[in-house]
Amino acid sequence: MRRECYLPVMAALLFGAVAIPAQAATIQITAADMVFAPSEVSAKVGDTIEWINKDVLVHTATARNGDFDVMMPAKKTVTSVLKRAGTIEYYCRFHPNMKAVLTIAP
């Protein structure tokens, strides 16, 4: 094989071996009418959660295992990035009847 033939072959191997990293997702969870919606969410480590509080009351998203405690002022949106895999039950500290589950894949 001549030297000129190696360049296209090497380029094909190089570009074929380069992996494109996955994009992190942004997932919206809403607190409205004293309920988290959706009540069950699947996400991945590195994804961003947009916590949207549509109520006139302050809420929290507090993980039972201590992984996060997000304060959501009334009529505001806050964000947090998921750092650890697992299935996390969370609730509002001010309104304990508000409960939901977040399943985070690696």
Nearest heavy-atom neighbours spanning D55 and M34: OD2-N, 3.2 Å

Would you confirm whether K44, through its side chain, and P106, through its main-chain N or O, come within 3.5 Å as a donor-acceptor pair? no

Examine V81 and I27 and state if one hydrophobic cluster contains both, with Ile, Leu, Val, Met, Phe, Trp and Tyr joined whenever side-chain heavy atoms are less than 4.5 Å apart. no

Look at the side-chain heavy atoms of Ile, Leu, Val, Met, Phe, Trp and Tyr, link any pair under 4.5 Å apart, and say whether F94 and V70 land in one connected group. no

Enter the distance from I49:CD1 to T77:OG1 here, rounded to the nearest 0.5 Å. 13.0 Å

Counting only heavy atoms from other residues, nucleotides and ligands, does the tally under 6.0 Å from CG of N97 exceed 12? yes

Quick check: does any side chain N or O of D47 sit under 3.5 Å from a backbone N or O of L82, one acting as donor and the other as acceptor? no

Run the side-chain contact (heavy atoms from CB on, under 4.5 Å) test on T103 and E40 for me, step by step, so that the C-alpha distance in whole Å, both residues' side-chain angles and the decisive distance to 0.1 Å come before the verdict. CA-CA 8 Å; T103 302; E40 293 185 24; over 6 Å; no

Would V35 end up clustered with I29 when hydrophobic side chains under 4.5 Å apart are linked, directly or stepwise? no

Going from CZ on F68 to NZ on K83, what distance comes out if it is rounded to the nearest 0.5 angstrom? 12.5 Å

Steps toward side-chain contact (heavy atoms from CB on, under 4.5 Å) verdict (E50, T79): CA-CA 5 Å; E50 278 187 351; T79 61; 3.8 Å; yes

Identify whether V41 and M72 are in the same connected component of the hydrophobic contact network (ILVMFWY, side-chain heavy atoms under 4.5 Å). yes

So I88 and R64, side-chain contact (heavy atoms from CB on, under 4.5 Å) or not? Walk me through it. CA-CA 7 Å; I88 301 170; R64 292 203 184 275; over 6 Å; no

Parallel, tilted or perpendicular: which describes the rings of W51 and Y90, with under 30° parallel and over 60° perpendicular? perpendicular

For K75 against V56, the heavy-atom pair lying closest together: CE-CG1, 3.8 Å

R84 versus I104: any side-chain heavy-atom pair under 4.5 Å? no

Should we count CZ of R93 as having more than 12 external heavy atoms under 6.0 Å? yes

How about CD on E89, more than 12 heavy atoms from neighbouring residues, nucleotides or ligands closer than 6.0 Å, or not? no

